[in-house]
Amino acid sequence: MRAIVLHEPGAPEVLKLEERPLPKAVHGKVLIRVKAFGLNRSEMFTRQGHTPGFTYPRILGIECAGVVEECPSGRWEKGQQVVAIMGGLGRAYDGGYAEFTLVPERIVKAFSSELDWETLGAIPEMFQTANGSLEEALELKTGEKLLIRGGTSSIGMMSAQIAKRKGAYVIATTRSEHKMEALKENGVDQVIIDDGQLAPIIRDHHPKGVDKVLELIGTRTLRDSILCTKSRGIVCQTGILGNEWIMKDFQPFLDLPNLVRLTAYGGDSEDLSEHSLQSFLDDITAGYIKINIDKTFRMEEIVEAHTYMETNKAKGKLVVLT
């Protein structure tokens, strides 16, 4: 089979398309014929050498969509449509950047859909992260004001659509005026150009602050996002688009306003149920949800794909078809 292998950390050029032996299916695991996989910034960070305890060589990829090739336990039949997500995929063991991948049954979710593989490949991690952030971490409710910091990311635009379906008022940020229309097309009620000092603007429009903040930029803007939040509100850091992992000189008693809660969401495969995945796919088919795909690549273009991901120019998900 063809697979994209990482032998050492570095620039996108360290990703090598190689021929590798086909994994042998064993009980408790599923051999998946990968049709498509989405690109994620966590894979970029791993490629750059930022993932603790990572060993080489490794096939990257924390998600994939495809069909069952072999399942020794009989839990799924050959040809069944499935996704695999998280649970050590692409980190502790070889992941989805390949024509086939062998994964534990516990991270496999079955579904049935006539959507194309480009769309299906974009969904697993994006939906799981957006939905988990809003439902589990932020406990978003109808009528609440939600601020999405880093709104034109794939997670940001998906979160906006899910939040609007829940009846929230959605505010989202972008650093580029050229991306404002994309946010409005995803249901955002108020778009704000983000220059790094957002709290005064938010307080001018919403004096008490917002109920919930989905922080996708990360520690670079987290302190300012906290100041946008009303008492008893919640801030959830889910992304690190700003490429900074540590917030220096953070003092909880000074930087956290009274009764504002700060949490984080990383998510895992158990956070995505087959029922919620199927319902989401049905909503896409019915036209209630739009999947934003910026570009689609072939496996041979993986260096170009990772290079493009690093530019932060994408207005949606990047997908690779096998």
Side-chain angles (χ1 to χ4, degrees), residues 41 126-176 179-180 182-184 186-248 250-267 271 312:
R41 292 185 69 83
M126 182 168 62
F127 172 60
Q128 181 266 334
T129 302
N131 191 63
S133 296
L134 298 179
E135 293 280 348
E136 304 296 329
L138 288 173
E139 303 170 9
L140 186 66
K141 298 178 177 60
T142 300
E144 289 187 325
K145 293 178 180 178
L146 169 70
L147 169 62
I148 303 175
R149 194 103 185 231
T152 53
S153 64
S154 60
I155 300 298
M157 291 193 286
M158 179 53 57
S159 298
Q161 292 190 62
I162 295 173
K164 288 303 296 181
R165 290 275 288 165
K166 290 181 66 65
Y169 181 90
V170 179
I171 309 159
T173 71
T174 177
R175 293 181 297 173
S176 171
K179 295 183 177 182
M180 293 179 69
L183 290 174
K184 293 176 182 178
N186 281 270
V188 173
D189 297 290
Q190 181 182 4
V191 180
I192 299 176
I193 299 298
D194 192 349
D195 64 357
Q197 298 297 317
L198 199 62
I201 301 174
I202 289 293
R203 292 289 177 171
D204 184 51
H205 288 88
H206 310 278
K208 293 183 179 180
V210 297
D211 299 285
K212 309 290 170 65
V213 179
L214 177 57
E215 175 59 82
L216 299 175
I217 304 299
T219 56
R220 180 176 293 180
T221 54
L222 182 57
R223 186 179 278 104
D224 184 56
S225 291
I226 290 170
L227 296 177
C228 297
T229 313
K230 68 192 303 184
S231 179
R232 299 188 185 279
I234 305 175
V235 180
C236 173
Q237 180 175 328
T238 293
I240 44 175
L241 293 171
N243 294 343
E244 291 186 8
W245 294 74
I246 298 172
M247 185 161 65
K248 299 175 182 178
F250 179 66
Q251 302 179 67
F253 282 114
L254 296 179
D255 294 325
L256 276 175
N258 191 38
L259 299 179
V260 170
R261 288 183 282 167
L262 173 61
T263 187
Y265 183 78
D271 292 342
N312 291 330

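Worth knowing before you read on, the calculation uses all heavy atoms, side chains too, and leaves out hydrogens, waters and symmetry mates. All values reported here derive from a predicted model rather than from experimental measurement.
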Please lay out, stage by stage, how I155 and M126 fare under the test side chain to side chain contact (heavy atoms under 4.5 Å, CB included).
CA-CA 6 Å; I155 300 298; M126 182 168 62; 4.0 Å; yes

side-chain hydrogen bond (donor to acceptor under 3.5 Å, both in side chains) against K166, all qualifying residues, sequence neighbours excluded
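Only E135 meet the side-chain hydrogen bond (donor to acceptor under 3.5 Å, both in side chains) criterion with K166.
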
With sequence neighbours excluded, what pairs up with K230 under the side-chain hydrogen bond (donor to acceptor under 3.5 Å, both in side chains) test?
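side-chain hydrogen bond (donor to acceptor under 3.5 Å, both in side chains) list for K230, sorted by chain: D211.
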
Checking [X] side chain against [Y] main chain: does a donor-acceptor pair fall under 3.5 Å?
{"X": "K212", "Y": "L138", "value": "yes"}
{"X": "D224", "Y": "L198", "value": "yes"}
{"X": "R203", "Y": "K208", "value": "yes"}
{"X": "D189", "Y": "V170", "value": "yes"}
{"X": "T229", "Y": "V210", "value": "no"}
{"X": "K145", "Y": "G209", "value": "no"}
{"X": "E215", "Y": "I217", "value": "yes"}

Looking at every non-hydrogen atom in both residues, tell me the closest pair between [X] and [Y] and how far apart they are.
{"X": "P257", "Y": "I226", "answer": "CD-CG2, 3.2 Å"}
{"X": "S225", "Y": "R149", "answer": "OG-NH1, 3.0 Å"}
{"X": "A137", "Y": "C236", "answer": "CB-SG, 3.6 Å"}
{"X": "S153", "Y": "G150", "answer": "OG-O, 2.9 Å"}
{"X": "V188", "Y": "A160", "answer": "CG2-CB, 3.8 Å"}
{"X": "L262", "Y": "L222", "answer": "CD1-CD1, 3.9 Å"}

Taking the side chain as every heavy atom from C-beta outward, state whether L183 and T173 have any atom pair closer than 4.5 Å.
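They are not in side-chain contact.
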
When you look at L227 and Q197, which way does the side chain to side chain contact (heavy atoms under 4.5 Å, CB included) test go after all the steps?
CA-CA 10 Å; L227 296 177; Q197 298 297 317; over 6 Å; no

Between atom [atom1] of [X] and atom [atom2] of [Y], what is the distance when rounded to the nearest 0.5 Å?
{"X": "T129", "Y": "L134", "atom1": "OG1", "atom2": "CG", "value": "10.5 Å"}
{"X": "N131", "Y": "Y265", "atom1": "CG", "atom2": "OH", "value": "7.5 Å"}
{"X": "L214", "Y": "L140", "atom1": "CG", "atom2": "CG", "value": "9.5 Å"}
{"X": "H206", "Y": "L147", "atom1": "NE2", "atom2": "CG", "value": "8.5 Å"}
{"X": "E136", "Y": "T263", "atom1": "CD", "atom2": "OG1", "value": "11.0 Å"}
{"X": "K141", "Y": "L146", "atom1": "NZ", "atom2": "CG", "value": "12.5 Å"}

Verify side chain to side chain contact (heavy atoms under 4.5 Å, CB included) between D194 and I201, making sure each step is shown before the conclusion.
CA-CA 10 Å; D194 192 349; I201 301 174; over 6 Å; no

CZ/R165: more than 12 non-hydrogen atoms of other groups inside 6.0 Å:
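Yes, CZ of R165 has more than 12 neighbouring heavy atoms, counting only those of other groups under 6.0 Å.
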
Report the C-alpha distance between I246 and T219 in whole Å, list the side-chain angles of each, state the deciding distance to 0.1 Å, and finish with yes or no for side chain to side chain contact (heavy atoms under 4.5 Å, CB included).
CA-CA 6 Å; I246 298 172; T219 56; 5.8 Å; no

